[in-house]
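Working notes for the structure below.
When a ligand or atom number is given, it counts from 1 through the structure's own listing order. Quick note: numbers below take in every heavy atom, side chains included, and nothing from hydrogens, waters or symmetry partners.
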Amino acid sequence: MASVLITGANRGLGLEFARQYLAKGWRIFAACREPAAAKALQALAAQSDGKLTVHALEVTDDQAIAALAGDLAKEPIDVLINNAGVNRAEANELGLGNAQAWLDVFAANVVAPVHVATAFLPHVAKGDRRVIATISSRLGSIAENQGGSYAYRASKAAVNAAMRSLSQDARAKGTTVVVLHPGWVRTDMGGAAAPLTPSESIAQLVALIDRIGPRDNGSFLSFDGKPIPW
Ligand SMILES: NC(=O)c1ccc[n+]([C@@H]2O[C@H](COP(=O)([O-])OP(=O)(O)OC[C@H]3O[C@@H](n4cnc5c(N)ncnc54)[C@H](OP(=O)(O)O)[C@@H]3O)[C@@H](O)[C@H]2O)c1
């Protein structure tokens, strides 16, 4: 049975990834900060016949990452989805006094996915698919940058660069590392004006991840499979 580890699986795109992989019959390790408060995810777990388990993971806490990696040490993980992320309005404007907000965005959007990927490389190496997908954003494209969203754009450009490094370093282990843009999606982060529903975005991302193989290593792809300029 194919397996997937999803971070930030309690709401938004992460919850929809969990739903759609469950519908495909996959084994899902669904990670979130507060399992007891993750009602929708727990409801999915309850109807999953043991296929979906919920695991505590604050992605900015290295000890928590190491603990979960230890708990799952015997589990091959076919696909790791680094989905958890934040956007902070106060760090998206020019101005002083918002350094902590910048650092919070970088902790969650850059350092955390790199550390999660690092801790789970051995699990992914044991899987059949061997894919590490980080949910980035088109806003991280330097080529397409039209200004604004300072910390968010910078964090996604930074995680793109880090994952590009990892794609080169993990190639020898047969692991494929990609960064993916989900589209502009109606979640708490995307807001009500976004054109895509989570179901539409994730259906395309799941189909894309199914097609991803070693030839895609190190690429930055949109949900429709088209490459995005760095
Ligand atoms: N929605 C869009 O239009 C859009 C577009 C481009 C890229 N993205 C990216 O897609 C990903 C998911 O976004 P979304 O729209 O689903 O956002 P969302 O609705 O705001 O959900 C964010 C998820 O990340 C989790 N999270 C945040 N910080 C965390 C931490 N330190 N530890 C563990 N979990 C953490 C949240 O958990 P809590 O509930 O505990 O806060 C929540 O599950 C993000 O990486 C985002 O940047 C979204």
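- Comment: Lys24 engages Asp210 in a salt bridge, judged by a side-chain N to carboxylate O separation of less than 4.0 angstrom.
- Using a 4.0 Å cut-off to heavy atoms of Ser137, the atoms of ligand 1 that qualify are 6 (C), 7 (C).
- Given atom 1 (N) of ligand 1, the protein heavy atom at minimum distance is Thr187 OG1, 3.1 Å.
- The backbone and the side chain of Asn83 each have at least one atom closer than 4.0 Å to an atom of ligand 1 (non-hydrogen atoms only).
- Heavy-atom distances between Leu57 and ligand 1 reach below 4.0 Å in at least one pair.
- Between atom 3 (O) of ligand 1 and the options Val185, Leu13, Asp61, Asn109, the minimum heavy-atom separation is to Val185.
- Inter-residue side-chain proximity for Thr134 and Leu180 is flagged as unmet; no heavy-atom pair is nearer than 4.5 Å.
- Counting only N and O atoms by type, the side chains of Ser137 and Arg153 include no donor and acceptor under 3.5 Å apart.
- At least one donor-acceptor pair under 3.5 Å links the side chain of Asp78 to the backbone N or O of Arg129.
- The residues Arg11 and Asp188 are annotated as salt-bridged, a charged nitrogen and a carboxylate oxygen being separated by less than 4.0 angstrom.
- With Asn217 contributing its side chain and Pro214 its backbone, the two residues share no donor-acceptor pair below 3.5 Å.
- Here the protein heavy atom with the shortest distance to atom 17 (O) of ligand 1 is Met189 CB, 3.4 Å.
- Between the side chains of Ser149 and Asn92, not a single donor N or O lies within less than 3.5 Å of an accepting N or O.
- Every atom of ligand 1 is numbered from 1 in the order shown, and the set under 4.0 Å from a heavy atom of Asp188 is 19 (O).
- Looking only at heavy atoms of the protein, atom 29 (C) of ligand 1 is closest to Arg33 CZ, 3.4 Å.
- Between Arg11 and ligand 1, an N or O atom pair is found at a separation short of 3.5 Å.
- In the vicinity of Trp184, heavy-atom distances shorter than 4.0 Å reach the ligand 1 atoms 3 (O).
- Residue Pro182 places a heavy atom under 4.0 Å from ligand 1.
- For the pair Arg19 and Phe17, the NZ or CZ position fails the cation-pi test of under 6.0 Å to the six-membered ring centre and within 45 degrees of the ring normal.
- Formation of a donor-acceptor pair under 3.5 Å by the His123 side chain with backbone atoms of Ala69 is found in this model.
- Ala84 CB, 3.6 Å is the protein heavy atom nearest to atom 35 (C) of ligand 1.
- Heavy-atom proximity to atom 22 (C) of ligand 1, evaluated over Pro198, Gly85, Ala56, Gly12, is greatest for Gly85.
- Between the side chain of Lys74 and the main chain of Asp71, no donor-acceptor pair closer than 3.5 Å is present.
- Heavy-atom contacts of Tyr152 reach the following atoms of ligand 1: 6 (C), 7 (C), 8 (N), 9 (C), 46 (C), 47 (O) (cutoff under 4.0 Å).
- Every N/O-N/O distance between His181 and ligand 1 stays at or above 3.5 Å.
- Arg130 contributes a side-chain N or O that, together with a main-chain N or O of Gly174, makes up a donor-acceptor pair within less than 3.5 Å.
- Closest protein heavy atom to atom 43 (O) of ligand 1: Asn10 OD1, 2.7 Å.
- Close contacts of ligand 1 with Ile135, meaning ligand atoms under 4.0 Å from a residue heavy atom, involve 9 (C), 10 (O), 11 (C), 45 (O).
- Residue-to-ligand polar distances keep Thr60 apart from ligand 1: every N/O pair is separated by 3.5 Å or more.
- One option in Gly183, Ala108, Ser136 has a heavy atom closer to atom 4 (C) of ligand 1 than any other, and that option is Gly183.
- Residue-level proximity to ligand 1 for Lys156 is carried by the side chain, the only part with a heavy atom below 4.0 angstrom.
- Under the 4.5 Å side-chain criterion, counting only non-hydrogen atoms from C-beta, Ile81 is in contact with Ile135.
- Protein heavy atom at the shortest distance from atom 31 (N) of ligand 1 is Glu58 OE2, 2.6 Å.
- Atom 32 (N) of ligand 1 has Val59 N, 3.0 Å as its closest protein atom, hydrogens excluded (heavy atom only).
- Counting only N and O atoms by type, the side chains of Glu16 and Gln20 include a donor and acceptor under 3.5 Å apart.
- Listed by atom number, the atoms of ligand 1 under 4.0 Å from Gly8 heavy atoms are 25 (C), 43 (O).
- Ser3 places a side-chain heavy atom less than 4.5 Å from the side chain of Phe29.
- By the criterion of a heavy-atom distance under 4.0 Å, the side chain of Val86, and not its backbone, is placed next to ligand 1.
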